[in-house]
2 protein chains.
Amino acid sequence: MASTTAESPRQRVTSYDVARLAGVSQSAVSRCFKPGASVSRKMRARVMKAAEQLGYQPNAIARSLISGRSNTAAVVISSNTALYFPEILVGLNRNLAQRGVRALLFTLEQESDIDRLLDQVLQYQVDGMIVAARLSAPQIDAIERRAVPFVLYNRSFRDRQVNAVCCDQSEGERWLVDALIEAGHQRFGIISGPGDSSVSMERTEGALARLRELGAKHISVVEGDFGYHSGGTGLKKLRDRIGAHPDAVICANDTMALGCLDAARHEYGLAVPEDLSVVGFDGVGPARWTSYNLTTVRQPVSRMTEAAVSMILERVDNPQLQPEKRFFSGEMIPGNSARLAPAAAR
Amino acid sequence: MASTTAESPRQRVTSYDVARLAGVSQSAVSRCFKPGASVSRKMRARVMKAAEQLGYQPNAIARSLISGRSNTAAVVISSNTALYFPEILVGLNRNLAQRGVRALLFTLEQESDIDRLLDQVLQYQVDGMIVAARLSAPQIDAIERRAVPFVLYNRSFRDRQVNAVCCDQSEGERWLVDALIEAGHQRFGIISGPGDSSVSMERTEGALARLRELGAKHISVVEGDFGYHSGGTGLKKLRDRIGAHPDAVICANDTMALGCLDAARHEYGLAVPEDLSVVGFDGVGPARWTSYNLTTVRQPVSRMTEAAVSMILERVDNPQLQPEKRFFSGEMIPGNSARLAPAAAR
DNA sequence: CGGCAAATTGACTGCGAATGCGAACAAGCA
DNA sequence: TGCTTGTTCGCATTCGCAGTCAATTTGCCG
């Protein structure tokens, strides 16, 4: 019953095996697999034939050991990004793969896991790290000490020179607020993300700042957790606090906005956008679904992931490069979940 | 302006460096980092102190080269799984991490990419592979020839002994169909996934078989692509074909079911579930959202990912193990998108 | 305090591929 | 043909660590 194909040599095939079969030296084999090496076409043909015959593939581990590059990058991402997660991951991975780099995935369930992780990441001799999670200053110190290039994705340190790729959160919030104010909304609710999220902070602060700047009088802020349900509970908290429902709710991400919208319609029987305007941030897929058609700001994920990958790989080749922060504008998507003045779209 | 901390030694720290500082041999250092090795506590203390001082971390690459294990597993996943993707990935990664294995991520945009990928995967000397993508028989041959253990996630080959972890798709569809039939639905529409998806095939076939078994007369099948929009277009196709709307639409996944549901309500003004029942499969997050509350079958993702990881790691340690297929029952979630007889929930 | 077993330690080798260097060889020129 | 250039190839070494084996130390008992 055992269907094992016992005829093939099940052990690892090394460059020596290929060399022996082809009657050449191991160096020759090595050179044949190195693009741009000096090899005669006759040699290459012989080696390749032998390699094929044996099913030889160069051992990336051994190669890394001597070359000092693993062609591997760590992607650290906290899993609470939920809806947003696959898009980033796929984008990063595509860009990395195109340049011959593989992604080692590190998912964080809790931000505190990152400490244990960091050591591991570095053990694996990754060429670089792309971090879409919260890092503390000492953690950044630790990475820098190891001289591993890293890029923060959608977070940055104001007081610190680090590589970062960010969506301009405040700008996006400003657009949203401008549009809401212009349409005459007066009582504002804000549902922030978890307190330790810098993205949430920037968005919330950005919205708040603009609201104040434009003279909004009635603003309440409650905290959510970026999850769907906290959109609903956030709305409830806002209602409790205000004593009525606000005119507009600004959510720190789309997922909460969708939760808020659902709660408004189905729990409180409010018409959206007539009775209540809801806006989000991110531009995740479900935000475009017919039931929602959310007014939001879409992050240019593919440009951002491409930038992150470029930045990291440039720095792998040239560690001397100065840290750089790149900000990307989002794209306002008017949607239909907020009552806006005509042509308010940016 | 350069804030580079130039005081620390920026180069790699090896076990020799630690050994020199501690005044011991390199072997001693190595042993100190190997759990269960024979080392005196005095030695360990000295070495650890030196290691800490230098910021030494053992080089996993060198370790892999000699031990023949990379503590790395490839996770190959096609990105069109969209909503479902993060859950799987996080689950797999958590389980792998717990056992000290890192995931190398390979995302497929098109299933055809897998050929190019396979060579790469194997170059990286992964200890095993978890494949949530379509593999052809020759591709499986290729992997087996390399003697790399692999587990198929949610696909299996009927005629072939391979390791696989699957949700029992037909069983789930049977539950759904039973419930729909019991509630008196008569005209059925099925929106399948892409033709080359085995998951879609099993679900569609499963539903069809059960429908016929129970004597359903009116059944139409149209093809979708697992995406949100194809739920709507699928419904349109069904209406065109039938000349009216069906009583129930069975979608090969949740995402399409949600699209179908939205189209039914917002495009055709149908009441769901009164005029039309819609069921899906997967149990993704948004299916539980208030706007939808989809009737579906939830895959036990965390048990499945755990099983996949166990299977793969068992086979890394013991390559002789016979191939095994594990099937998991889903969980029927009655929801509110289908008109069901009372207490029809399994 | 001698003697023996057990525990601990260090020298050395090898994992598999890449590369500097010199040898061998081919091509170009007078 | 003899000599110079330029290619191509093999030898030997290297990457960083783990495991083997023999040497050494330690502990323990009579």
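First the proteins, then the strands, lettered A, B, ... as listed; each starts at 1.
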Side-chain N or O of A:Tyr16 versus OP1/OP2 of D:dG10: is the shortest distance under 4.0 Å?
no
Output the single nucleotide from D:dC11, D:dG16, C:dG10 whose closest atom is nearest the side chain of B:Ala62.
D:dG16
Quick check for you: among D:dC9, C:dA17, D:dA12, whose closest atom lies nearest to any side-chain atom of A:Arg31?
D:dC9
Roughly, in whole Å, what's the span from CG in B:Asn71 to P in D:dA18?
11 Å
Across the strands shown, which category fits A:Ser30 at heavy-atom distances under 4.0 angstrom: base, sugar-phosphate, nothing?
base
Does B:Ser40 place a side-chain N or O at less than 4.0 Å from the phosphate oxygens OP1/OP2 of C:dT9?
yes
Take atom CD1 of B:Ile66 and atom P of C:dA17, then tell me their distance rounded to the nearest Å.
15 Å
Spacing between A:Leu65 atom CG and D:dC15 atom P, to the nearest angstrom:
9 Å
Has B:Arg63 got a side-chain N or O lying under 4.0 Å from the OP1 or OP2 atom of D:dA18?
yes
Interatomic distance, B:Met43 CE vs C:dA7 P [rounded to whole Å]:
17 Å
A:Gln98 atom CD, over 12 foreign heavy atoms within 6.0 Å
yes
Check this one for me: any side-chain N or O of B:Ser15 less than 4.0 Å away from OP1 or OP2 of D:dC17?
yes
What does A:Val29 touch in the nucleic acid at a heavy-atom separation under 4.0 angstrom: a base, only the sugar-phosphate, or nothing?
nothing
Can you measure B:Asp17 atom CG to D:dC17 atom P for me and round it to whole angstrom units?
9 Å
Looking at A:Gln26 and C:dA18, is any side-chain donor or acceptor paired with a base atom of the opposite kind under 3.5 Å?
yes
Tell me, do B:Thr72 and B:Tyr124 make a side-chain contact under 4.5 Å, heavy atoms counted?
no
Would you say the side chains of B:Ser197 and B:Arg155 form a donor-acceptor pair under 3.5 Å?
no
Could you please name the option among C:dA17, C:dG20, D:dT7 that lies closest to any side-chain atom of A:Ser38?
D:dT7
Could you tell me the separation between the CG atom of B:Asn59 and the C1' atom of C:dC15, rounded to a whole number of Å?
13 Å
Considering only heavy atoms from C-beta outward, does the side chain of B:Met129 approach that of B:Leu118 to under 4.5 Å?
yes
B:Ser67 side-chain N/O to D:dA18 phosphate OP1/OP2 under 4.0 Å
no
Which part of the nucleic acid, if any, lies within reach of B:Val39 when heavy atoms closer than 4.0 Å are counted: base, sugar-phosphate only, or nothing?
sugar-phosphate
Which nucleotide in D:dG10, C:dA11, C:dA17 has an atom nearest any side-chain atom of A:Tyr56
C:dA17
Contacts of A:Ser27 and B:Arg44 projected onto DNA chain C by closest heavy atom; the upstream (5') one is B:Arg44
Can a side-chain donor-acceptor contact be found between B:Arg99 and B:Ser310 if the only test is distance below 3.5 angstrom?
yes
How many Å lie between CZ on A:Arg69 and P on C:dT19, as a whole number?
12 Å
Rounded off to whole Å, could you give me the CD1-to-P distance for the A:Ile61 and D:dG16 pair?
15 Å
Base, sugar-phosphate, or nothing: which does A:Thr14 touch, judged by heavy atoms less than 4.0 Å apart?
sugar-phosphate
Is there a side-chain contact between B:Lys34 and the phosphate of D:dA18, meaning an N or O under 4.0 Å from OP1 or OP2?
no
Polar side-chain atom of A:Asn154 near backbone of A:Cys166 as donor-acceptor pair, under 3.5 Å
no
